[in-house]
Amino acid sequence: MVESPDSASSTGSLEAPKSLRDIFPPVRRSHILNCAFASWHAIYRPYTPKARTIPLTSEFLSYLREDGIVLPDDEEQITTLSDSDGSEGETESEDEDEDEGGITQDRRNPTQRFPELHQRIKTTIRELGGKVSPKLNWSSPKDAAFMTATNTLECRTPGEVYLLLKSSDFITHDLEHAFRDCVDDDDEEEEGEQQKPPLTAENIPYHLTLRKWFALNPSLEFRVFVSSRRILAMTQRDLNHYDFLPSLRTTIISAITRFFTATLAPTFPDPDFVFDVYIPLSSTTARDDAHDDDDDDEDSRPRVWLIDINPWAPRTDSILFSWMELLRLRNGETVAGAEVELRLIGRDDPEAYQFATPQYGASKLPRDVVDVGLEGEEAVWEFAQRWRDIVEKAERERGERTVGR
Ligand SMILES: Nc1ncnc2c1ncn2[C@@H]1O[C@H](COP(=O)(O)OP(=O)(O)OP(=O)(O)O)[C@@H](O)[C@H]1O
Ligand SMILES: [Mg+2]
């Protein structure tokens, strides 16, 4: 989870600026838990790219929390810090717990320390085609992508997964600060609820999520802000300018709105949340390759995939909006009947990164997309044209033309 900057000062209000924390509605612990991947994935699996969630043991959580990185010894290709610090090839006796400044460190290798879990992760990677993108309850280790040979979150072995998780501050946030700035759910107690254990950090069920790796195009990732089961606003997620996006605005808004109305709006446990979607270039290829849904849906309209659900909380990055703006929209400070805004990065916007210079190394820009970028404007345009053709065909089939140039 990335902390969003407190943008109280950028609202232009004449009132004395208040901090975002002062005015943000309280965030309940249950809301945070509802946004954990394993919680919502259980409901919306047919709409997500292929993924598996693996319950984590306390042994594994201790391993993640400890300083130092002891990696498995059953992998050949991984070159890591542990190779140079001499931990590889330690004998049984050296693997025993040792006391370092009062803190007990378990130096055993993951293959001895949590063999079953290690094997399960290995098998799951294989089942998902050999390449996965890892995530804990709420966060992916985007800030640690630089640790891998590919500079992405693509992992082929459990060791690569462990290395990313252990190197990431975002993962540490999931482990140590999941309920930071949250309130209890006391007033929500219903009959029979008293039997439930209290929602404390100690009894958070942690899961490792492994998502089948696919080369998604970051220009087609969007974040959507929902309040009272109503879409308030949408934003591009990737911080590059894409010339072709404005002409697809109406199509994108209606595809996402249709998806939201049919799936999330009626069933997500909380009325306020933030969700991320991806609109694949070619629904058929992508579905065959990475989708969990086995139906024979021949609908050729742009398909919307659910990537993540995030808390309605300052900790969620509001990207091209400020949380102040969103809270105002929430309070109805909008023109009645106005269409939902999809905010895109303009060519000269200060937020715009150089094309092919993404925010967290290449983790947001799969290699083939980088290649398109590096091939220059023409290749990008060709790509855009292909996408537009698909969309236009779909719209024609529906008998309504919403795309035009
Ligand atoms: N199956 C996948 N294969 C390859 N890349 C993926 C896959 N799923 C997601 N990604 C990429 O990883 C990025 C991060 O994923 P996700 O949004 O789940 O992480 P996050 O930590 O929750 O991010 P945030 O902090 O912005 O909420 C996505 O924006 C997407 O570009
Ligand atoms: Mg997220």
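In each ligand, atom 1 is the first atom listed, and ligand 1 is the first ligand listed.
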Is there a polar contact, in the sense of an N or O pair closer than 3.5 Å, between [X] and ligand 1?
X: Glu221; answer: yes
X: Trp213; answer: no
X: Pro49; answer: no

Do Trp305 and Phe214 make the cut of ring centroids closer than 6.0 angstrom?
->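 Yes, the ring centres sit under 6.0 Å apart.
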
What pairs with Phe114 under ring pair (Phe, Tyr, Trp, His ring centres under 6.0 Å), at least two apart in sequence or on another chain?
->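 Listed in chain order: Phe60, Tyr63, Tyr162.
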
Not counting sequence neighbours, which residues clear side chain to side chain donor-acceptor pair (under 3.5 Å) with His207? List them please.
->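 His207 satisfies side chain to side chain donor-acceptor pair (under 3.5 Å) with no residue once adjacent residues are dropped.
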
Have a look at Arg315, Lys50, Lys212, Arg211 and point out the one with the heavy atom closest to atom 12 (O) of ligand 1.
->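 Selected option, by shortest heavy-atom distance: Arg211.
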
Look at atom 24 (P) of ligand 1 and find which of Lys131, Lys142, Lys135 reaches it with the closest heavy atom.
->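 When every heavy atom of Lys131, Lys142, Lys135 is considered, Lys142 comes closest to atom 24 (P) of ligand 1.
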
Please state whether Phe170 comes within less than 4.0 angstrom of ligand 1, counting heavy atoms only.
->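 So Phe170 does not count as touching ligand 1.
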
Those atoms of ligand 1 less than 4.0 Å from some heavy atom in [X]:
X: Leu216; value: 6 (C), 10 (N), 30 (C), 31 (O)
X: Ser140; value: 14 (C), 15 (O), 19 (O), 20 (P), 21 (O)
X: Asn310; value: 27 (O)
X: Ser139; value: 21 (O)
X: Trp138; value: 22 (O)

Got an N, O or S from Asp308 under 2.8 Å of the Mg ion (ligand 2)?
->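 An N, O or S atom of Asp308 is closer than 2.8 Å to the Mg ion (ligand 2), so yes.
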
Does the shortest distance from the Mg ion (ligand 2) to an N/O/S atom of Asn310 fall below 2.8 Å?
->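 Yes, Asn310 qualifies, because one of its backbone or side-chain N, O or S atoms lies under 2.8 Å.
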
Are side-chain heavy atoms of Leu306 and Phe259 found at a separation under 4.5 Å?
->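 Counting from C-beta outward, Leu306 and Phe259 do come under 4.5 Å.
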
Is there side-chain contact between Pro110 and Val70, with heavy atoms separated by less than 4.5 Å?
->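 Side-chain contact under 4.5 Å: yes.
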
Using a strict cut-off of less than 4.0 Å between a Lys/Arg side-chain nitrogen and an Asp/Glu carboxylate oxygen, indicate whether Arg249 and Glu339 qualify as a salt bridge.
->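 Result for this pair is no, no salt bridge flagged.
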
Is it the case that Asp185 and Ser30 place a side-chain donor and acceptor less than 3.5 Å from each other?
->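 There is such a pair between these side chains.
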
Do Glu66 and Lys166 pass the salt bridge (charged side-chain N to carboxylate O under 4.0 Å, His left out) test, and can you show the C-alpha distance, the side-chain angles, and the key distance before you say yes or no?
-> CA-CA 8 Å; Glu66 284 163 13; Lys166 282 188 67 73; 5.6 Å; no

Which value, rounded to the nearest 0.5 Å, describes the distance between Ile252 atom CD1 and Met234 atom CE?
->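 Going from the CD1 atom of Ile252 to the CE atom of Met234 covers 9.5 Å.
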
